[in-house]
Amino acid sequence: MTEQTRTAKLSFGDTEIELPMHSPSVGPDVIDITKLYAQGNVFTYDPGFTSTAACDSTITFIDGAKGELLHRGYPIDQLASKSHFLEVCFLLLYGYLPTAAEIEDFEYRVTRHTMVHEQMINFFKGFRRDAHPMAIMVGTVGALSAFYHDSTDISDPWQREVASIRMIAKMPTIAAMAYKYTIGQPFVYPRNDLDYASNFLHMCFSVPAEEYVPNPILSRAMDRIFTLHADHEQNASTSTVRLAGSSGANPFACIAAGIACLWGPAHGGANQACLEMLKEIGTVDRIPEFIARAKDKDDPFRLMGFGHRVYKNFDPRAKVMKQSADEVLDLMGIENNPTLQVAKELERQALEDPYFTEKKLFPNVDFYSGIILEAMGFPTAMFTPIFALSRTVGWISQWKEMVTDPGQKIGRPRQLYLGETQRNYVDVEDR
Ligand code: CMC
């Protein structure tokens, strides 16, 4: 916690309370209300945490007005163009850019943990073949805690470190196994001679019947997608991981909770929903009809891949993703892709419409990611598992930060109770 510089005064009725304020390294000041209930016998009310900081953190910073995303101070566009996913993992976990020797050691450690216990296969086989891969991931990642007992004691720094590396290393294997299972193909073991992204493509797309050579252009695009999703400060799934972890739950169980939260269409599920929407629109002449629906208060339809709780300007990840979509389709020789045409025209028309500009609704990371993933050969159901495997490092970094915070408490929100006051039980014959 930073040094207290100012105080805020809160008065209601005859009560006046002085509350400490803290200044962040960048961003708005915060009013510390932790003693408010003790001093004033009142709670604050902020469903959806629109104005509430639930923790302090040194990992990621977003300036929503500027459309800026920094990991440990480094802008996301620089990391996406100059760095690579495992280096960003190191940065998020340890707080600084590694030396050549440190990244070599880190890559070695991650690579040596890519296999999952052979018994895990039985968990996959228990699912129906038509299960959504996210359903499989929630179950199998939670099950990891039953296999890796030597890394579930969260009070031991060594066990926390091993759990972190295991999670980053095994998540691509689990996502690829979920995919292979749902399409009825044999599981493909990881290959430690491949880089992280190429290995994931290998586990998804190779078959025992023929050799698979990962395309370096697609590997780079895959790595960039992982990088762009690596962390995003206190979003819903990260807050879920922190809340689950605040009770002392083991890291595998906490990450499974994060995966469950990510699945929703307002969060990580938006990439699948967005591509399905673009396909439903189909042709550019139908765009006005869908824009009208998105603006209609009586229609629950929203433009998927549009809008963000924090960004009130372009999502910087969407800019990189749009450029990547052009590059990947171009390099794969896919000309005039109708979905990309619909996406670009939809973006253009929406950004000329006062409804979207006045509400500051811009394309987010999910708007273009599905187009790239589809061009690579992934079905829509795999989009959110890919988001989950990329975000795992963010979840685990935030979880580690929380667990090692000496002031950490169990997360326990208050409520504004609007139900019945105390009343006496009535026997069934008297009701
Ligand atoms: N299409 C049409 N209207 C929208 C949209 C949209 N995509 N997003 C927000 N609005 C309107 C909304 O109806 C509301 O209007 P009004 O003030 O008249 O009631 C206003 O904009 C503010 O919306 P909100 O729901 O109060 O804002 P929020 O901060 O609670 O929601 C959001 C943020 C991302 C859930 C929302 O913008 C949304 O549902 N977007 C579509 C889903 C999506 O793309 N999600 C991915 C987010 S980025 C990746 C991730 O974090 O996982």
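Counting starts at 1 for both ligands and their atoms, following the listed order.
For the 3.5 Å distance criterion, the side chains of His84 and Thr227 fail to qualify, holding no donor opposite an acceptor. Side-chain contact annotation: Glu276 with Gln272, donor-acceptor N/O pair under 3.5 Å present.
Within the model, atoms CZ of Phe290 and CE of Met277 stand 8.5 Å from one another, a figure rounded to the nearest 0.5 Å. Rounding to the nearest 0.5 angstrom, the gap separating the CD1 atom in Ile372 from the CG atom in Leu275 is 11.0 Å.
Applying the side-chain contact (heavy atoms from CB on, under 4.5 Å) criterion to Pro379, with sequence neighbours excluded, gives Tyr179, Met382.
Residues of the protein with a heavy atom under 4.0 Å from ligand 1 are Pro265, Ala266, His267, Gly268, Ala270, Ala294, Lys297, Arg302, Leu303, Met304, Gly305, Phe306, Gly307, His308, Arg309, Tyr355, Lys359, Leu361, Asn364, Val365, Asp366, Phe387, listed by chain and number.
A salt bridge between Asp77 and Arg317 is absent, with no side-chain N of the basic residue lying under 4.0 Å from a carboxylate O of the acidic one.
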